[in-house]
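A, B, ... follow the sequence lines: proteins, then strands. Residue 1 opens every chain. Every value quoted in this text rests on a predicted model; they were computed, and no experiment measured them. Basis for what follows: all heavy atoms, side chains included, without hydrogens, waters or symmetry-related copies.
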Amino acid sequence: MIALKEEKEMAMIEFKNVQKYYDKFHALNNINLKVDKGEVVVVVGPSGSGKSTLIRTINGLEDFTEGQLLVNGYDLADKKTDLNQIRKDVGMVFQHFNLYDNKTVLENIMLAPKLVLKRDPKENEEMAMRLLKTVGVADKAGSYPRQLSGGQKQRVAIARSLAMKPKALLFDEPTSALDPEMIDDVLNVMKKIAKEGMTMVVVTHEMGFAREVADRVIFIDNGQILEDEKADIFFKAPKEKRAQQFLSKIIKH
Amino acid sequence: MINVFTQHWQELLVGFGNTLLCSVIALFFSLIIGSTFAIFEVLPYKLLHIIGRIYIEVFRNIPLLVIGMFFYIVVPQFIVTLDGFTAGTIGLTLYTSSFIAETVRAGIQAVDDGQMEGARANGLTFMQAMWHIILPQAFRYVIPPLGNQFINLVKNSSVLAFVAGFDLMYQGDTIASTTFDTFNTYIVVGILYLIITLPLSYYMRYLEKKLA
């Protein structure tokens with residue numbers, strides 16, 4: 001395991017022939033996908049296509065039936081792998097934020113570094129405040145999640161993930177539950193993080209974001225990766241018919 | 001009424017003290033035991049699940065008096081001598097904890113799944129997420145029913161009277177049977193119970209408002 005981690009050219013995330021069944025339903029169909037360090041990969045596809053399942057297997061929120069998945073050198077197929085080790089280094093931002101409702105904004109950000117990383121309290125608070133400034137919600141440090149707008153909640157959720165100093169971040173439809181006027185605030189924060197070199201896997205319908213930030217776009221349907229292309233090529237001329245249809249539908253709006 | 005109090009205040013005070021002590025001990029331990037079994041029931045381990053279920057169904061569905069008598073009469077015969085107070089308090093704790101387990105479990109399940117998911121994805125262990133995120137929210141939901149359990153617990157502590165636990169009810173019975181002034185005695189005993197339960201009831205309501 002340690003030898004794997006120290007290997008230099010190792011991919012951050014690597015799916016090898018991953019299969020997942022829910023009973024008879026084939027949720028992930030022979031997934032092969034590599035995400036290198038510093039890469040931004042956007043996953044698109046119709047609803048129910050397996051995008052969320054795909055991204056949620058990366059930090060072990062979903063398991064899989066067959067195949068191999070290496071994340072930051074850890075083998076997720078191995079039952080002995082400590083998922084917390086992976087989650088320490090791979091943050092996740094959810095569609096519905098999942099902020100801790102019983103904690104203030106500042107406490108939301110400081111909790112995991114305190115409990116998991118045992119970060120010094122003073123350093124922890126300084127870092128949390130710095131992150132809140134970065135995402136533009138510093139004035140809400142003492143508020144509870146229920147007192148924030150959706151856009152603010154999502155930016156706090158991003159700050160909470162960043163506080164763990166992750167090596168990669170997963171975004172599961174981060175703007176899908178937001179009012180339109182809030183979306184740009186969140187996307188701008190995500191762009192900033194991407195430009196700083198974070199490895200990111202983003203499930204989203206925001207094609208503008210994908211075009212601007214993504215190194216690669218993955219198109220997935222029926223649990224299968226149908227396209228894995230550089231972003232500009234994907235948007236100019238998607239090869240797959242289903243991807244073409246999908247794009248034409250989504251870009252019309 | 002005043003007479004009962006002035007002539008028997010020492011016995012009544014002993015009874016009041018024992019009822020209060022029994023209630024506090026039983027409340028503390030039934031909360032811990034109940035919450036533990038509530039967590040058993042939401043864990044993904046089948047064995048713990050079954051153990052939790054059996055515990056809750058057994059103690060919830062047997063009359064408190066039977067449980068109290070078991071610890072007062074049966075346990076001392078075979079295992080260890082217990083005085084009435086201890087036997088009654090243990091019985092009351094086990095009985096109440098089964099109800100608290102059910103209440104807390106419902107509270108845990110009322111907390112949105114996203115809270116646990118967010119915490120786990122953030123790197124917290126299951127128990128850390130439970131302790132820092134899920135339980136505080138669960139308890140907020142269940143303060144009203146929990147308040148009822150606490151008040152029932154205080155009243156149910158009168159089971160000590162049957163196992164010579166020298167609680168308020170026991171002392172009241174003794175006074176009533178020696179003085180034959182049943183009317184005034186039981187009124188005084190009732191008032192003394194109210195002195196415990198009313199503030200408790202108001203405190204729970206205050207908590208409910210404060211945390212809502």
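- Using a 4.5 Å heavy-atom cut-off against chain A, the contacting residues of residues 124-138 of chain B are B:Leu124, B:Thr125, B:Gln128, B:His132, B:Ile133, B:Pro136, B:Gln137.
- The contact between A:Val90 and chain B is made entirely by backbone atoms, counting heavy-atom distances below 4.5 Å.
- Donor-acceptor pairing under 3.5 Å is lacking for the side chains of B:Gln115 and A:Asn98.
- Among all heavy-atom pairs drawn from A:Met92 and B:Ala121, the shortest one is CB-CB, 4.1 Å.
- Around OH of B:Tyr186, the count of heavy atoms belonging to other residues, nucleotides or ligands within 6.0 Å exceeds 12.
- Contact residues of residues 55-64 of chain A toward chain B are A:Arg56, A:Asn59, A:Leu61 (heavy-atom distance under 4.5 Å).
- Considering every non-hydrogen atom in both A:Phe94 and B:Gly118, the closest pair reads CE1-CA, 3.8 Å.
- Within a 6.0 Å sphere centred on NZ of A:Lys103, heavy atoms belonging to other residues, nucleotides or ligands number more than 12.
- When heavy atoms are compared at a cutoff of 4.5 Å, A:Leu99 approaches chain B solely by way of its backbone atoms N, CA, C and O.
- Across every non-hydrogen atom of B:Asn122 and A:Met164, the tightest pair is O-CE, 3.6 Å.
- Sparse packing is recorded around CG of B:Asp113, with 12 or fewer heavy atoms of other residues, nucleotides or ligands lying under 6.0 Å away.
- Of the listed residues (A:Ile86, A:Val116, A:Asn84), the greatest number of heavy-atom pairs within a distance under 4.5 Å of chain B belongs to A:Asn84.
- For B:Arg53, the CZ atom sits in a packed shell: over 12 heavy atoms of surrounding residues, nucleotides or ligands are nearer than 6.0 Å.
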